[in-house]
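Single-structure report; data block below.
Here is the naming used below: chain letters follow the sequence lines, and residue numbers restart at 1 for every chain.
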There are 2 protein chains.
Amino acid sequence: MPRELIDLLWRDHPAAPQGGARGPRSRVTTGAVVDVAITLADTEGLAAVTVRRLGDALGISTMSVYTHVNGRDDLLVLMADAVHARIPLPAHGTAGWRTRVRRVAETNLALHLDHPWLLEIDDDRTAFGPGTIAKYDHELHALDQLSLDDVARDAALTFVLDFVRAAARARRRDPRADEMPETWARWAGRLAEYLGDDYPLAQRVGSAAGEEMNAASSPAHAWEFGLARVLDALA
Amino acid sequence: MPRELIDLLWRDHPAAPQGGARGPRSRVTTGAVVDVAITLADTEGLAAVTVRRLGDALGISTMSVYTHVNGRDDLLVLMADAVHARIPLPAHGTAGWRTRVRRVAETNLALHLDHPWLLEIDDDRTAFGPGTIAKYDHELHALDQLSLDDVARDAALTFVLDFVRAAARARRRDPRADEMPETWARWAGRLAEYLGDDYPLAQRVGSAAGEEMNAASSPAHAWEFGLARVLDALA
DNA sequence: CATAACCTTGTACAGCGTACAACGTAGGAT
DNA sequence: ATCCTACGTTGTACGCTGTACAAGGTTATG
């Protein structure tokens, strides 16, 4: 199947080219491949999404995966667009722009918390997918009441979404977190020796921030703090 | 050499454990390995930094690399800390906080433009390196005049640096950029067919933003726009 | 001089993405 | 009804990755 990525992205559109009539029917659809890849990434991380494991999970051979997806790079784009398409896009209604933007930010944060692997996908071609475009359109409308020209409107949205991305990155669980307690036990003494009395400000603020990060309420607090700043910046 | 990462990070500190006296001297130092890895990443991207290529570039065998660095993950941390250590940290002097923060942001943007691969390294252990700590301390002092408690001061710095990170990400050249013209030639027609008259706002703003991105002056303009917003948000 | 500690190296293994060719299956044309 | 052609499926194989392990060489120390 040498179908182009653009056609795979829009595979559910009426105008999309269908697979030829001849030969045996595919045992799985492109959509199924993408869905299985997403659940695999959700449960075991993006590194677990290998072509071989994907074939196993689908009950087909490794190489058959390539019948439905051109390669791993393309698969990642399809995955990202698919989760974008799942986002609820409720009408903005009569809400003011601050409420709208806040909702956009919260929805995007939830998206990243549900699918942390999105942070690892960085492919501009995602922008051409139906899910991504629908999401983009909806989010642009959140800024209707601010009188911004087109370029500024895009820049403002990017500003908000970049903030969300950074917040999600900060919340994401470090894969090394399990070993960190014992690692820290070995390191703390040595680091103190190296640091001595140098960089007192960094030592004080760093440990305060470190403890704050371990506090249960911290992420929510940091989120509210930052989001308020972002909203102020847009005004 | 089962030296811990923390000791490798602080290898130039007087209190750091030295290699034993017995046996042949190492033909290269850990610092040399890290430096060569950095130039390799600068010129060919992080993907080119493989243990084998590193050994070749150093004139030693593949496995000898492991004498100076515990593994690839650790190497990435050492690389990140090393470039952090290279940043100039001029005294803040009598400048106001806005000027200070602006300088911090500009320095970090330059760092990311010089070493785009920094965006791909995401390891919390980098925070314990001498270069990273010195940089952190210096940047915290940029906020001296704002009366912030420790946690808020860290949050404010993170806010600024996350913005810089996002700006660097937007400026970074897509590795697929070479093929993009011909790809777009094949895609443009199909995409127009799929979209039809749907999402008029997204189509208009998207193409405006796309053209703006190709304009020569655009990055600088977007940077100034965003940075001004960040500075306002801190006030 | 013997020993212990250290660096260096080659071989090997499991895993990855994927190119390629052989094979089987089913609709369309004759 | 038969042939042909397009298509899905699959196994094998290649080059690449990080790195575990064991053998060998080199040097300061007992």
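Pairs of residues two or more places apart, or lying in two chains, that qualify as side chain to side chain donor-acceptor pair (under 3.5 Å) and include a residue from residues 153-168 of chain A are A:Tyr136-A:Asp154, A:Asp144-A:Arg153. Evaluation of the salt bridge (Lys or Arg N to Asp or Glu O under 4.0 Å) test over residues 179-196 of chain A, restricted to residues two or more places apart or in two chains, returns A:Arg186-B:Glu4, A:Arg190-B:Asp7. Identified under the side chain to side chain donor-acceptor pair (under 3.5 Å) test for residues 196-209 of chain B, with sequence neighbours left out: A:Asp150-B:Arg204.
If you measure from atom CG of A:Leu76 to atom P of C:dC16, you get 15 Å, rounded to the nearest angstrom. In this structure, CG of B:Leu58 is placed 11 Å from P of C:dT9, rounded to the nearest angstrom. Taking atom OH of residue B:Tyr66 and atom P of nucleotide C:dG10, one finds them 15 Å apart after rounding to whole Å. Straight-line distance from the CZ atom of A:Arg27 to the P atom of C:dG24: 16 Å, rounded to whole Å.
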Let me have the donor-acceptor pairs involving side chains of residues 12-20 of chain A, under 3.5 Å, with sequence neighbours excluded, atom names and distances please.
residue, atom, partner, partner atom, Å
A:His13, ND1, A:Ala15, N, 2.9
A:His13, NE2, B:Tyr194, O, 3.1
A:Gln18, NE2, A:Ala16, O, 3.0

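Listed by chain and number, the residues in a side-chain contact (heavy atoms from CB on, under 4.5 Å) with A:Ala37 are A:Val49, A:Leu54, A:Leu75, A:Met79 (sequence neighbours excluded). In terms of the ring-ring contact (aromatic ring centres under 6.0 Å, His included) criterion, A:His112 has no residue partners (sequence neighbours excluded). Residues satisfying the ring-ring contact (aromatic ring centres under 6.0 Å, His included) criterion with A:His84, sequence neighbours excluded, are absent altogether.
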Quick test: give all pairs of protein nitrogen or oxygen and nucleotides 1-6 of chain D nitrogen or oxygen below 3.5 Å, distance rounded to 0.1 Å.
residue, atom, partner, partner atom, Å
D:dA6, O4', A:Arg22, NE, 3.3

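For A:Met63, taking side-chain heavy atoms from C-beta onward, the closest of the listed nucleotides C:dT11, D:dT12, C:dT8 is D:dT12. Of the candidates C:dT8, D:dG8, C:dT18, the closest approach to any side-chain atom of A:Ser26 belongs to D:dG8. Listed nucleotides: C:dT18, C:dT8, D:dT19. Nearest to the side chain of A:Arg72: C:dT18. For A:Thr67, whose side chain is taken as the heavy atoms from C-beta onward, the closest listed nucleotide among D:dT9, D:dA28, C:dG17 is D:dT9.
Taking every heavy atom of both residues into account, A:Val28 and A:Val33 meet most closely at CG2-CG2, 4.1 Å.
B:Asp35 and B:Arg86 are joined by a salt bridge, as a carboxylate oxygen and a charged side-chain nitrogen come within less than 4.0 angstrom of each other.
DNA chain D lies under 4.0 Å from no heavy atom of any residue of residues 36-56 of chain A.
Dashed line: the shortest gap from a side-chain N or O of A:His68 to OP1 or OP2 of D:dG8 is not under 4.0 Å. Look at A:Arg25 and you won't find any side-chain N or O under 4.0 angstrom from OP1 or OP2 of C:dG24. Phosphate proximity of D:dT10 to A:Ser64: present, with a side-chain N or O under 4.0 Å from OP1 or OP2.
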